[in-house]
Amino acid sequence: MTCFATASAVFRFRQPYTILQRTKLVLVRPFSSHDEELKQARERLWPLGAGNIDLSMNSETGIATLVLRQPDKKNALSGRMMVQLADAVTELENWREGRGLVLRSEGDFFCSGGDLTTVESINNPSDGRLMCTLMQDTTTRLHRLPLVSVSIVHGRAIGGGAELVTATDFRLFTLRGNIQFVQGAMGVATGWGGGTRLVRLLGPQKAMDLLLTARRCDAEEAFECGLSNFMLKTNNLYEETLSWMQNRIKFQSEIIAAIKNIVHGATGIYIDSLILACC
């Protein structure tokens, strides 16, 4: 059992997932076998592949930026990048001044999923499970961050890249942006938690249609079905995104965190049940 505490209320959660500490905000989870699996995953994946995940945090604006950098491989996530992403999320969990997060990538692609060099190196059930364990943990913690998170989908988001897009609170597309869950066509199911998040975003029928057909969902369709929250129109995508975010990060960080907990608790994103007891 986990206890989430604010100055005025206590929330008790089932299936705790992360340790989050901010001013007047604490979420604590006991050590379990899951931690050992995560440790093994990090040790196995860190030596694999190239590329980088860059994190910058601006304490004046309260906005952090995560950038995927492996444009020569369509920003596919190597094992090294997966571990870097996990570390970046941990750092963001403990950033007290934070209010917002922008997830973007370098080059023409948003993200093409897992780096084939890494995938080929872990082509066995044991290592595959470790990779999925780390990425499920990372994307779930990313989604639960006490920050307003936004993805800039300026190009293709394929497979694991599509799953990563579902881990942010909002998604801003350009006309060239599109998303495609190709996992079924590759003989696998979504392994990074994106299938479940897609159902919560779009409802069961629309999510099942995208997962079963493995077809490309373009920016127009994404906006119509609610997967995209805004269409970016200028050449300066980052500045336009920051402008869009301003009205959504105007409250103090503690208030933003509390609002996210209310929304996630009510929609079942955190837990099966939520008990609120006034102190």
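In this chain, numbering begins with 1 at the start of the sequence shown.
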| said: Walk me through whether Glu97 and Glu60 qualify under side-chain contact (heavy atoms from CB on, under 4.5 Å). | reply: CA-CA 8 Å; Glu97 298 86 3; Glu60 292 184 4; over 6 Å; no

Legend entry - Chi angles and distances behind the side-chain contact (heavy atoms from CB on, under 4.5 Å) call for Thr139, Arg197: CA-CA 10 Å; Thr139 57; Arg197 290 189 295 269; 3.3 Å; yes

- Task: With side-chain contact (heavy atoms from CB on, under 4.5 Å) as the test, would you mind laying out the steps for Leu103 and Leu68 before giving the verdict?
- Result: CA-CA 8 Å; Leu103 175 62; Leu68 313 184; 4.2 Å; yes

- request: Would you check, one step at a time, whether the test side-chain contact (heavy atoms from CB on, under 4.5 Å) holds for Val150 with Met245?
  value: CA-CA 8 Å; Val150 178; Met245 291 179 69; 3.9 Å; yes

query: Does the pair Gln84 and Asn52 meet the rule for a side-chain hydrogen bond (donor to acceptor under 3.5 Å, both in side chains), with working shown?
result: CA-CA 7 Å; Gln84 289 178 333; Asn52 285 290; 3.1 Å; yes

| Test log, rule side-chain hydrogen bond (donor to acceptor under 3.5 Å, both in side chains), inputs Thr190 and Gln183 | CA-CA 6 Å; Thr190 51; Gln183 289 88 337; 5.8 Å; no

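Scanning all heavy atoms of the two residues, the minimum distance from Ala185 to Ala214 falls at CB-CB, 4.2 Å. The nearest pair of heavy atoms linking Ile122 to Met131 is CD1-CB, 3.7 Å. Minimum interatomic distance between Ile53 and Leu77 (heavy atoms only, all atoms of both residues): CD1-CD2, 4.2 Å. When every heavy atom of His154 is checked against every heavy atom of Phe109, the shortest pair comes out as CE1-O, 3.4 Å. Closest approach of Phe170 to Thr168, counting heavy atoms only: O-OG1, 3.0 Å. Closest non-hydrogen pair, Ala157 versus Phe110, comes out as CB-CD2, 3.9 Å.
In this structure, OG1 on Thr118 lies 11.0 Å from CG on Asp127, to the nearest 0.5 angstrom. For the atom pair Arg99 CZ and Asn58 CG, the distance stands at 10.0 Å (nearest 0.5 Å). If you take CG on Leu227 and OG1 on Thr166, they are separated by 8.5 Å, rounding to the nearest 0.5 Å. For the atom pair CD1 (Ile259) and CD (Glu254), the distance works out to 12.0 Å, reported to the nearest 0.5 Å. Atom CG of residue Asn261 and atom CD1 of residue Ile256 lie 12.5 Å apart, to the nearest 0.5 angstrom. With rounding to the nearest 0.5 angstrom, the CE atom of Met82 is 14.0 Å from the CG atom of Asp87.
Under a 4.0 Å N-O distance rule, the pair Glu221/Arg215 qualifies as a salt bridge. For Asp115 and Arg80, the salt-bridge test fails: no basic side-chain N is under 4.0 Å from an acidic carboxylate O. Look at Arg129 and Glu37 and you find a salt bridge, because one of the NZ, NE, NH1 or NH2 atoms lies within 4.0 Å of a carboxylate O, short of that distance. Salt-bridge annotation for Lys74 and Asp108: absent, with no side-chain N of the basic residue lying under 4.0 Å from a carboxylate O of the acidic one.
Two residues are said to be in side-chain contact when any heavy atoms from C-beta on lie closer than 4.5 Å; Glu163 and Phe181 meet this criterion. Proximity of Phe223 to Arg171: side-chain heavy atoms (C-beta onward) are nowhere separated by under 4.5 Å. Residues Leu66 and Leu92 are in side-chain contact: their nearest non-hydrogen atoms beyond the backbone lie under 4.5 Å apart. Residues Ile249 and Leu147 fail the side-chain proximity criterion, which asks for heavy atoms closer than 4.5 Å. For the pair Val102/Ile63, a side-chain contact is recorded, criterion being any heavy-atom separation below 4.5 Å from C-beta on. Within the 4.5 Å cutoff, no side-chain heavy atoms of Leu145 are placed close to those of Asp169. Using a 4.5 Å heavy-atom cutoff, the side chains of Thr65 and Tyr238 are in contact. Counting heavy atoms from C-beta on, the side chains of Gln70 and Ser78 come closer than 4.5 Å.
Under a hydrophobic clustering in which Ile, Leu, Val, Met, Phe, Trp and Tyr are joined whenever their side-chain heavy atoms come within less than 4.5 Å, directly or via other members, Leu202 and Met231 fall into the same cluster. No single ILVMFWY cluster, assembled from side-chain heavy atoms under 4.5 Å apart, contains both Val119 and Leu164. By the criterion of side-chain heavy atoms lying less than 4.5 angstrom apart, applied directly or through intervening Ile, Leu, Val, Met, Phe, Trp or Tyr residues, Val148 is grouped together with Leu232 in one hydrophobic cluster. Both Leu211 and Leu201 are members of a single hydrophobic cluster when ILVMFWY side chains are connected at heavy-atom separations under 4.5 Å. Linking ILVMFWY residues whenever their side-chain heavy atoms come closer than 4.5 Å, directly or via other members, leaves Val199 and Trp192 in distinct clusters.
Residue Glu43 qualifies as enclosed at atom CD: its count of foreign heavy atoms under 6.0 Å is above 12. Summarising the local packing, CG of Asn124 is surrounded by more than 12 heavy atoms from other residues, nucleotides or ligands at distances under 6.0 Å. Annotation for Met208: atom CE does not count as buried by contact number, only 12 or fewer foreign heavy atoms lying within 6.0 Å. Shown here is Gln246, whose CD atom has more than 12 heavy atoms of other residues, nucleotides or ligands within 6.0 Å.
Aromatic ring pairs are classed by plane angle as parallel below 30°, tilted from 30° to 60° and perpendicular above 60°; the pair Trp244 and Phe230 is tilted.
When atom types are taken as modelled, the side chain of Ser149 and the backbone of Leu101 share no donor-acceptor pair closer than 3.5 angstrom. Between the side chain of Asp209 and the main chain of Gln205, no donor-acceptor pair closer than 3.5 Å is present. Counting only distance, with no hydrogens or angles, the side chain of Asn178 and the backbone of Arg176 share a donor-acceptor pair below 3.5 Å. Under a 3.5 Å cut-off, the side chain of Asn94 and the backbone N or O of Thr90 do form a donor-acceptor pair. Put simply, the side chain of Glu240 gets close to the backbone of Thr234: a donor and an acceptor are under 3.5 Å apart. A donor-acceptor pair under 3.5 Å is formed between the side chain of Ser121 and the backbone N or O of Thr117. Remark: side-chain polar atoms of Asn75 are paired, donor with acceptor, to backbone N or O of Glu106 under 3.5 angstrom. With hydrogens and angles disregarded, a donor-acceptor distance shorter than 3.5 Å links the side chain of Arg141 to the backbone of Ala86. With Gln136 contributing its side chain and Gly193 its backbone, the two residues share no donor-acceptor pair below 3.5 Å. Side-chain N or O atoms of Lys206 include none that pairs as donor or acceptor with a backbone N or O of Pro204 at under 3.5 Å.
Trp95 and Glu93 share no donor-acceptor pair across their side chains, judged by distance under 3.5 Å alone.
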